[in-house]
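Remember, it's 1-based here, ligands and their atoms both numbered in the order they're listed.
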Amino acid sequence: MYKILENRYIGEDMYFMKVKGSFKAKMGQFYMLRAWDTYPLLSRPISVHDVDEEGISFLYKVVGEGTKILKNLKPDDTIKLEGPYGNGYEKVEGKVALVGGGIGVAPLYLVAKNIKNCDAYLGFRNEAILEEEFKEVCNEVNIALGDTFVTDILDVEKYDYILTCGPTPMMEKLVKMTEGTNTKIMVSLENHMACGVGACLVCTCKTKFGNKKTCKDGPVFWGEDVIF
Ligand code: FES
């Protein structure tokens, strides 16, 4: 069990939680979070937002019973973390754009810290959040709000690599935009998960190489391999 350091609302229906401890997560991996005994049955898979010398942080949305419990945790309360799980983003070199939509911006912060000199494109419904934090670790931060989508403000051909996480239609469109260009894209799929460790098949996704488990083979895949 680990101690909560911070747990607060940051806007756009999202909460920020920081947990004290020493963690070795790689960019794009996730942990299974649990702060209850028997109900709800399943732990919640949440991607790693940041890791530093103090601990690990996550962003989450309240979508059901488990995340409702997470929302009410206070500093010094305890939480169980299992992980890190999954295959995250590969460390790439060249001109890199990080493209996040909504809660999908969560894993991209740790990516920005690891791959220096990226540009960020972040899309939100009503208000820009985490803009200052991303500015500290990116060359430039471009924000798309409301009816303007990140796909409207991004020229994919300016980049060697695009690393993205967000709503499936956004990622699918980005993959299409890179078709016929020299730009490579990695997508972090947000398929529903249950066990998080490759045992239940709830998270199966389709790829050119057959069905894969999002939790174990991904959640990050090369965009050209995914069948949306
Ligand atoms: Fe159970 Fe992926 S969540 S196999």
Side-chain angles (χ1 to χ4, degrees), residues 1-2 13-17 19 21 23-51 56-71 73 78-91 98-111 114 163-172 174-175 185-228:
M1 298 290 265
Y2 298 94
D13 298 334
M14 287 182 226
Y15 291 79
F16 169 92
M17 179 190 282
V19 177
F23 298 92
K24 289 210 163 39
K26 296 200 193 96
M27 49 186 184
Q29 289 189 304
F30 66 94
Y31 278 78
M32 299 298 282
L33 276 61
R34 189 176 187 94
W36 53 88
D37 288 332
T38 49
Y39 179 82
L41 184 62
L42 302 170
S43 304
R44 301 311 314 149
I46 312 273
S47 65
V48 178
H49 175 59
D50 191 17
V51 189
I56 190 166
S57 54
F58 303 94
L59 303 186
Y60 62 94
K61 273 187 161 188
V62 175
V63 291
E65 294 305 318
T67 40
K68 217 185 269 173
I69 296 172
L70 294 186
K71 176 187 96 162
L73 295 173
T78 53
I79 187 163
K80 193 171 163 198
L81 302 187
E82 281 178 3
Y85 292 135
N87 282 306
Y89 295 98
E90 283 179 35
K91 193 155 187 178
L98 308 179
V99 185
I103 192 72
V105 302
L108 300 181
Y109 183 76
L110 186 58
V111 179
N114 276 271
L163 278 49
T164 184
C165 183
T168 304
M170 179 196 88
M171 294 197 291
E172 186 176 359
L174 285 167
V175 171
I185 179 167
M186 275 182 256
V187 300
S188 181
L189 299 185
E190 298 204 308
N191 289 32
H192 183 64
M193 289 185 197
C195 71
V197 293
C200 72
L201 305 185
V202 159
C203 66
T204 302
C205 61
K206 286 193 164 60
T207 77
K208 284 181 185 155
F209 309 105
N211 286 349
K212 299 280 177 195
K213 296 168 188 166
T214 303
C215 68
K216 206 159 183 212
D217 302 312
V220 177
F221 296 90
W222 287 103
E224 62 192 25
D225 296 340
V226 175
I227 299 170
F228 285 97

Undergrad: Heavy-atom contacts with ligand 1 below 4.0 Å: which residues, ordered by chain and residue number?
TA: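 Close residues (ligand 1, cut-off 4.0 Å): Met193, Ala194, Cys195, Gly196, Gly198, Ala199, Cys200, Leu201, Cys203, Cys215.
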Undergrad: Classify the angle between the aromatic ring planes of Phe58 and Tyr31 as parallel (below 30°), tilted (30 to 60°) or perpendicular (above 60°).
TA: perpendicular
Undergrad: Under the side-chain contact (heavy atoms from CB on, under 4.5 Å) test against Met171, which residue among Val226, Val99, Leu189 passes?
TA: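 Answer after filtering Val226, Val99, Leu189: Leu189.
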Undergrad: When Lys212 is tested against each of Thr207, Thr204, Asn191 for side-chain contact (heavy atoms from CB on, under 4.5 Å), which residue passes?
TA: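 Running side-chain contact (heavy atoms from CB on, under 4.5 Å) over Thr207, Thr204, Asn191 with Lys212 returns exactly one hit, Thr207.
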Undergrad: So, do Val220 and Asn87 sit near enough that their side-chain heavy atoms are less than 4.5 Å apart?
TA: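 Result no, sub-4.5 Å side-chain heavy-atom pair not found.
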Undergrad: In the structure I gave you, are the side-chain heavy atoms of Lys213 and Leu201 within less than 4.5 Å of one another anywhere?
TA: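 Side-chain contact under 4.5 Å: yes.
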Undergrad: Is the closest side-chain heavy-atom distance between Ile103 and Asp13 below 4.5 Å?
TA: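 A side-chain contact under 4.5 Å is absent here.
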